[in-house]
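Position 1 is the first residue of the sequence, and the numbers go up from there.
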Amino acid sequence: MSTGSAAAPSRQARTTRRRIFILPTAAGMLFGVTVFLMLLGSINYGLGLGYVLTFLLTGVGVVTMLLTYRNLAGLEVHAQDALPVFAGEEAKFGLDLVNRTQLPRHAVEVSVAPGVAVEGVRTVGWNDIDAAASRLCTIGMPARTRGTLMLPQLRMATTFPLGLFRAWSDLQLQAHCTVYPRPEVRTTAGPSSLAEAARARQQRQGSGDFAGLRGYLPGDAPAHVAWKAMARGAGLVTKQFVDGVDAQLWIRWSDLPSDMGIEAMLSRLARWILDAAQAGHCFGLDVPGYHREP
């Protein structure tokens, strides 16, 4: 049976009857062959009880097919963008399975559709969804290269209740993950302005805007002692002043060695940005085609 063409990508999808396909599993095929052989034996030997058992099992198979289809029909899937990751990490897309009916759903599996060339995807296991409820699950994908990682075509399937039939629906949901360049692992010195900015910040302390009070240290200028606070019983404390503007730290593409490859340069640039952010510096970025003030 053909699965048909995939629907246009959207943030959410609903498993309608036109999007659900059902086929017997290996166990279902064996069950059908067994029932057919029972029917032949009952006809050949004229067994009345054999007819009863054969038709009873046939009815069980038909009802099972209906229950398998109904377990998947009417479910909604809402896709969520994954949080940004670095190349080499795992992107985690959120999938919200919504059941708006009064029938609980059991053993619903979400995986990448067959034929999609994606390796290392963590399949969402069997999920039970209560009536008029939802269930949030995640599907993990390896982010091997920088750029934009799109959620591939998914398949939602179930074999509930007896595993004789498998119903599935292929869904193309619109969700993405921003993959940053992998930061350079080897510790390297940042741009020369990084250390200069830190030193300039320390040198500027002592004048400018009032930043707060700290305990008195030997050597503090008497003019910076908070005499009014001391008179109120706050003890001997010193006023702190810092300039309202930090030293401008620039991370520039031109600071990178010209003999490095593009990916290596981006990797080092990512390391510099992380180091500057972790150090609490206010920094600007200047790369070809993009300029951001501190």
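Taking each heavy atom of Gly88 and Arg182 in turn, the nearest pair found is CA-NH2, 3.6 Å. Nearest approach of Arg135 to Ile129, heavy atoms of both residues: CB-CG1, 4.3 Å. Leu249 and Pro294 make their closest contact through O-CG, 4.4 Å (heavy atoms, listed as atom of the first residue, atom of the second, distance). The two residues Phe283 and Ile273 have their closest heavy-atom pair at CZ-CG2, 3.8 Å. When all heavy atoms of Ala73 and Ile20 are compared, the pair lying nearest together is CA-CD1, 3.4 Å. Residue Ala270 comes nearest to Pro181 through the heavy atom pair CB-O, 3.9 Å, listed as atom of the first residue, atom of the second, then distance.
Here NE2 of His106 is found 13.5 Å from CH2 of Trp126. Values are rounded to the nearest 0.5 Å. In this structure, Leu72 CG and Arg166 CZ are separated by 10.0 Å, a value rounded to the nearest 0.5 Å. With rounding to the nearest 0.5 Å, the separation of CG in Leu39 from CG in Leu53 is 11.5 Å. Atoms CE and CZ, from Met141 and Phe93 in turn, are 5.5 Å apart once rounded to the nearest 0.5 Å. To the nearest 0.5 Å, atoms CZ (Arg11) and CG (Leu151) are separated by 10.0 Å. The CH2 atom of Trp168 sits 14.5 Å away from atom CZ of Arg19, with the distance rounded to the nearest 0.5 Å.
Within the structure, side-chain hydrogen bond (donor to acceptor under 3.5 Å, both in side chains) contacts touching residues 50-73 (residues at least two apart or in different chains) are Asn71-Thr158.
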Discussion item. Is there a side chain to side chain contact (heavy atoms under 4.5 Å, CB included) between Asp130 and Asn99? Walk through the geometry before answering.
Written reply: CA-CA 7 Å; Asp130 296 332; Asn99 178 20; over 6 Å; no
Practice prompt. Apply side chain to side chain contact (heavy atoms under 4.5 Å, CB included) to the pair Ile22 and Met65, showing each step before the final yes or no.
Written response: CA-CA 8 Å; Ile22 185 168; Met65 181 173 58; 3.7 Å; yes
Worksheet item: Checking side chain to side chain contact (heavy atoms under 4.5 Å, CB included) for the pair Val110/Leu95: CA distance, chi angles, key distance, verdict?
Response: CA-CA 9 Å; Val110 182; Leu95 298 176; 3.7 Å; yes
Worksheet item: Run the ring-ring contact (aromatic ring centres under 6.0 Å, His included) check on Trp250 and His291 step by step: do they pass?
Response: CA-CA 10 Å; Trp250 280 99; His291 182 85; 5.0 Å; yes
Item to complete: Please step through side chain to side chain contact (heavy atoms under 4.5 Å, CB included) for the pair Leu154 and Ile139, ending with a clear verdict.
Response: CA-CA 10 Å; Leu154 301 178; Ile139 182 166; 3.8 Å; yes
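By the criterion of side-chain heavy atoms lying less than 4.5 angstrom apart, applied directly or through intervening Ile, Leu, Val, Met, Phe, Trp or Tyr residues, Leu40 is not grouped with Val35; the two fall into different hydrophobic clusters. One hydrophobic cluster holds both Ile251 and Ile262 under the rule that ILVMFWY side chains link at heavy-atom gaps under 4.5 Å. Leu256 is connected to Val287 through a chain of hydrophobic side-chain contacts under 4.5 Å among Ile, Leu, Val, Met, Phe, Trp and Tyr, so both are in one cluster. A single hydrophobic cluster is not seen to contain both Val62 and Leu164; linkage of ILVMFWY side chains at heavy-atom distances under 4.5 Å, directly or through other members, places them apart. In terms of hydrophobic clustering, with Ile, Leu, Val, Met, Phe, Trp and Tyr side chains grouped at heavy-atom distances under 4.5 Å, Leu57 and Leu162 are assigned to a common cluster.
Summarising the hydrophobic clusters (Ile, Leu, Val, Met, Phe, Trp, Tyr; side-chain heavy atoms under 4.5 Å, direct or chained), the residues clustered with Val52 are none.
For the pair Trp272 and Asp255, the minimum side-chain heavy-atom distance is below 4.5 Å. Using a 4.5 Å cut-off on side-chain heavy atoms (C-beta onward), Asp170 and Gln172 make no contact. Using a 4.5 Å cut-off on side-chain heavy atoms (C-beta onward), Met29 and Thr25 make no contact. In this structure, Thr15 and Met156 have side chains that are in contact, with non-hydrogen atoms separated by less than 4.5 Å. You'll find the side chain of Leu75 stays beyond 4.5 Å of the side chain of Arg14, heavy atoms only. Under the 4.5 Å side-chain criterion, counting only non-hydrogen atoms from C-beta, Leu97 is in contact with Val77. For the pair Glu90/Pro142, no side-chain contact is recorded, criterion being any heavy-atom separation below 4.5 Å from C-beta on. You'll find the side chain of Cys177 reaches within 4.5 Å of the side chain of Val85, heavy atoms only.
Between the side chain of Arg271 and the backbone N or O of Glu184, at least one donor-acceptor pair lies under 3.5 Å. Arg292 contributes no side-chain N or O that, together with a main-chain N or O of Tyr290, makes up a donor-acceptor pair within less than 3.5 Å.
Between the side chains of Gln174 and His176, no donor-acceptor pair of N or O atoms lies under 3.5 Å. When only modelled atom types and interatomic distance are considered, Glu76 and His78 share a side-chain donor-acceptor pair under 3.5 Å.
For Arg146 and Glu263, the salt-bridge test passes: some basic side-chain N is under 4.0 Å from an acidic carboxylate O.
By the ring pair (Phe, Tyr, Trp, His ring centres under 6.0 Å) test, Tyr180 is found to be paired with Phe86, residues two or more places apart in sequence or in another chain being considered.
Atom CE of Met260 sits in a crowded spot, with more than 12 heavy atoms from other residues, nucleotides or ligands closer than 6.0 Å. Other residues, nucleotides and ligands place more than 12 heavy atoms under 6.0 Å from the CG atom of Leu136.
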